[in-house]
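See structure below.
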Amino acid sequence: WKDVPGVMNADPKRYSEVQVIPKLSYKEAIELSYCGASVIHPKTVKPIQNKKIPLYVRSFVDYTKEGSVIEDVVGKLDLPPVYINKANQVLVTLTPRDFSFIAEEKLSKKSLLFYVGDGCPSFAESYHSLVADCSSIPPEITLKESDDAAIYFSSGTTGFPKAILHNHESLSQAAEMEMRHHLTGRDDCFLCIPPLYHTGAKFHWMGSLCAGSRAVLLKGTTPEIILNAVSKEKCTLVWLLVPWAQDILDALDRGDLKIEDYELSQWRLMHIGAQPVPPSLIRHWKDYFPNHLYDTNYGLSESIGPGCVHLGTENVHKVGAIGKAGYLWETKIIDENGNPVKRGEVGELAVKGPGVMICYYKNAEATNEILHEGWLYTGDMAREDEDGFIYLVDRKKDVIVSGGENIYPVQIENFLSKHQSIKDVAVIGIADARLGEISAAIIELKPGMIVTEDEINEFCKELPRY
């Protein structure tokens with residue numbers, strides 16, 4: 001199995017001829033990761049190219065094998081990738097893209113700089129040149145599951161990004177959990193669309209590494225690009241975000257795309273995460289793809305991405321719920337004092353498992369706010385139904401308090417999403433002299449639709465009066 005093409009890079013510019021070019025087999029990736037680790041260890045640095053190309057998985061393995069801590073900042077901060085080793089040495093890895101927003105004088109003189117690509121500048125070292133003649137023998141490094149492995153950044157909704165520290169156990173359990181949740185097998189092919197600084201994308205993909213199956217890394221999110229990739233690369237597992245799924249449905253509704261123009265019979269699972277999923281979207285999806293298995297996954301960067309709670313493909317009748325505790329995880333819903341609430345009541349969701357972060361790096365105060373005796377307080381308000389399925393109600397800080405009543409925007413958003421003319425909606429609180437706050441809906445209509453405010457108000461009469 002190590003000889004199968006494990007990682008591919010999809011470029012929509014090549015769709016007219018060859019969509020996806022095989023880049024690395026697993027055997028090649030393993031050997032090249034050892035080459036990288038042999039460079040990294042003597043210098044105690046960690047080069048990486050954090051873009052959606054196969055070098056990413058090579059480098060990801062390089063650093064974790066060498067014992068360094070990976071710090072994913074691309075896409076979150078206006079910086080290139082930064083990595084810290086146990087000696088607190090810093091490496092900044094530059095690519096041609098980085099020179100559009102960073103100058104040499106802005107780089108720390110204490111940093112060790114690696115450059116990925118052609119035309120390496122004089123103040124950096126070429127990653128490719130350094131690994132070209134290195135040994136592919138595994139480095140003699142002893143690692144424990146409890147060793148620090150990676151730092152991810154999550155800004156949440158409250159200010160400057162916080163650095164989330166995870167150990168090796170977090171990373172390995174996330175990969176195994178993904179494989180188990182979606183029964184990923186050797187013959188599967190996972191289509192990875194989101195950027196890889198996104199822990200959801202990365203660890204959904206890591207399930208393929210556990211299974212030794214193929215993955216396609218896609219650059220582009222239009223309905224045509226996605227369906228082309230699924231069709232031509234025979235993808236079986238596809239993780240979408242809500243806007244991409246909605247765009248596909250809209251394109252099919254308008255007749256811009258036709259299912260019969262693509263080979264999609266092998267596509268067995270569509271799953272969604274990263275945001276609340278309107279039940280009406282999934283019902284509409286099943287109209288076009290009745291044989292698809294469906295799953296939704298819940299997670300945070302603090303719980304190493306997806307899956308601490310998941311619906312399960314056998315529970316499509318519970319669409320709207322995020323599910324139950326995932327593989328090796330526990331859940332509870334608590335009140336403001338940390339005590340479990342009665343089933344059916346709204347409280348804060350807490351999770352506990354092997355993927356809970358070690359801490360917010362060098363931020364004990366923020367750590368102590370959300371970690372309590374191994375439990376991670378998520379900040380998400382939720383309720384549990386009579387069958388034990390968990391439903392998100394809203395973010396704790398997003399609750400609208402109107403005249404003493406707690407109003408949860410997600411509930412209103414899910415209701416409005418049922419309207420046939422509404423494509424997307426966001427509900428916010430706005431100041432009101434009498435009630436403190438009142439609810440306001442920002443609505444995006446489907447193309448060509450015209451709806452008046454009076455019609456929406458009439459539709460909303462089915463909502464509870466508060």
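Excluded from the calculations below are hydrogen atoms, water molecules and symmetry mates; all remaining heavy atoms, backbone and side chain alike, are included.
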- If you look only at pairs with a residue in residues 297-333, which of them pass as a ring pair (Phe, Tyr, Trp, His ring centres under 6.0 Å), with sequence neighbours excluded? His181-His310
- Task: Please round to the nearest 0.5 Å and tell me the distance separating atom CG of Leu191 and atom CG of Leu237.
- Result: 9.5 Å
- Message: Checking Tyr262 now: which residues fulfil ring pair (Phe, Tyr, Trp, His ring centres under 6.0 Å) with it, not counting sequence neighbours?
- Response: none
- Message: Quick check: do Met206 and Leu209 have side-chain heavy atoms less than 4.5 Å from each other?
- Response: yes
- Mind checking the CH2-CZ spacing from Trp239 to Phe190? Nearest 0.5 Å is all I need. 7.5 Å
- Item | Closest heavy-atom pair and its distance - Ile304, Leu171 | CD1-CD1, 4.0 Å
- Item | Audit row: His166, Ile164, side-chain contact (heavy atoms from CB on, under 4.5 Å) steps and yes/no | CA-CA 7 Å; His166 282 283; Ile164 302 163; 3.5 Å; yes
- Taking only residues two or more places apart in sequence, or in another chain, which ones meet Asp250 in a salt bridge (charged side-chain N to carboxylate O under 4.0 Å, His left out)? Lys423
- Should Thr367 and Tyr361 count as side-chain neighbours, where that means a heavy-atom distance under 4.5 Å? no
- Query: Between Leu281 and Ile272, does a side-chain contact (heavy atoms from CB on, under 4.5 Å) hold up when you go through it step by step?
  - Reply: CA-CA 11 Å; Leu281 184 148; Ile272 292 183; 4.1 Å; yes
- Query: side-chain contact (heavy atoms from CB on, under 4.5 Å) between Thr184 and Thr236: does it pass, once the steps are laid out?
  - Reply: CA-CA 9 Å; Thr184 307; Thr236 60; over 6 Å; no
- Atom pair CG/SG of Asn297 and Cys308 - distance to nearest 0.5 Å: 9.5 Å
- If you round to the nearest 0.5 Å, how far is CD of Glu178 from CG of Leu183? 10.0 Å
- Test side-chain contact (heavy atoms from CB on, under 4.5 Å) on Val238 and Leu240 and set out the steps. CA-CA 6 Å; Val238 181; Leu240 298 174; 3.7 Å; yes
- Message: If the condition is salt bridge (charged side-chain N to carboxylate O under 4.0 Å, His left out), which residues does Glu169 pass it with, not counting sequence neighbours?
- Response: none
- Query: Do Ile334 and Val341 have side-chain heavy atoms sitting under 4.5 Å apart?
  - Reply: no
- Kindly write out the residues that satisfy salt bridge (charged side-chain N to carboxylate O under 4.0 Å, His left out) with Glu348, not counting sequence neighbours, or none if the list is empty. Lys396
- Item | Any Leu349 side-chain heavy atom under 4.5 Å of Ile322 side chain | yes
- Query: With the threshold set at 4.0 Å, does a side-chain nitrogen-carboxylate oxygen contact exist between Arg268 and Asp188?
  - Reply: yes
- Within 45° cone of Phe389 ring axis and under 6.0 Å: Lys324 NZ or CZ: yes
- Item | Glu176 CD to Phe203 CZ distance, which is reported to the nearest 0.5 Å | 13.5 Å
- Give me the ring orientation class for His271 and His204: parallel if the planes are under 30° apart, tilted from 30 to 60°, perpendicular past 60°. perpendicular
- Message: Less than 4.5 Å apart, side chain to side chain, heavy atoms only: is that true for Cys192 and Leu218?
- Response: no
- Heavy-atom closest contact (Met177 atom, Gly307 atom, distance): SD-O, 3.3 Å
- Item | Euclidean distance, Ile442 CD1 relative to Asp424 CG, rounded to 0.5 Å | 10.5 Å
- Task: Sort and list the pairs that fulfil side chain to side chain donor-acceptor pair (under 3.5 Å) and have at least one residue in residues 335-344, not counting sequence neighbours.
- Result: Arg343-Glu384
- Those residues at least two apart in sequence (or on a different chain) that pass ring pair (Phe, Tyr, Trp, His ring centres under 6.0 Å) with Phe289 are Trp267, Trp285, His292
- Which residues satisfy the side-chain hydrogen bond (donor to acceptor under 3.5 Å, both in side chains) test with Ser265, sequence neighbours excluded? Glu263
- Query: Can you list every salt bridge (Lys or Arg N to Asp or Glu O under 4.0 Å) pair that touches residues 306-321, not counting sequence neighbours?
  - Reply: Lys318-Asp385, Lys318-Asp387
- Task: Please identify each residue that fulfils side-chain hydrogen bond (donor to acceptor under 3.5 Å, both in side chains) with Glu302, with sequence neighbours left out.
- Result: Tyr360
- Item | Exercise: identify the closest heavy-atom pair between Tyr377 and Gly338 | OH-CA, 3.9 Å
- Message: When you compare the side chain of Glu330 with that of Trp375, does any pair of heavy atoms fall below 4.5 Å?
- Response: yes
- Item | Under the side-chain hydrogen bond (donor to acceptor under 3.5 Å, both in side chains) test, residues paired with Glu444 that sit two or more places apart | none
- Tell me, please, which residues at least two apart from Asp295 pass salt bridge (charged side-chain N to carboxylate O under 4.0 Å, His left out). none
- Taking C-beta and beyond as the side chain, do Val351 and Lys332 meet within less than 4.5 Å on heavy atoms? no
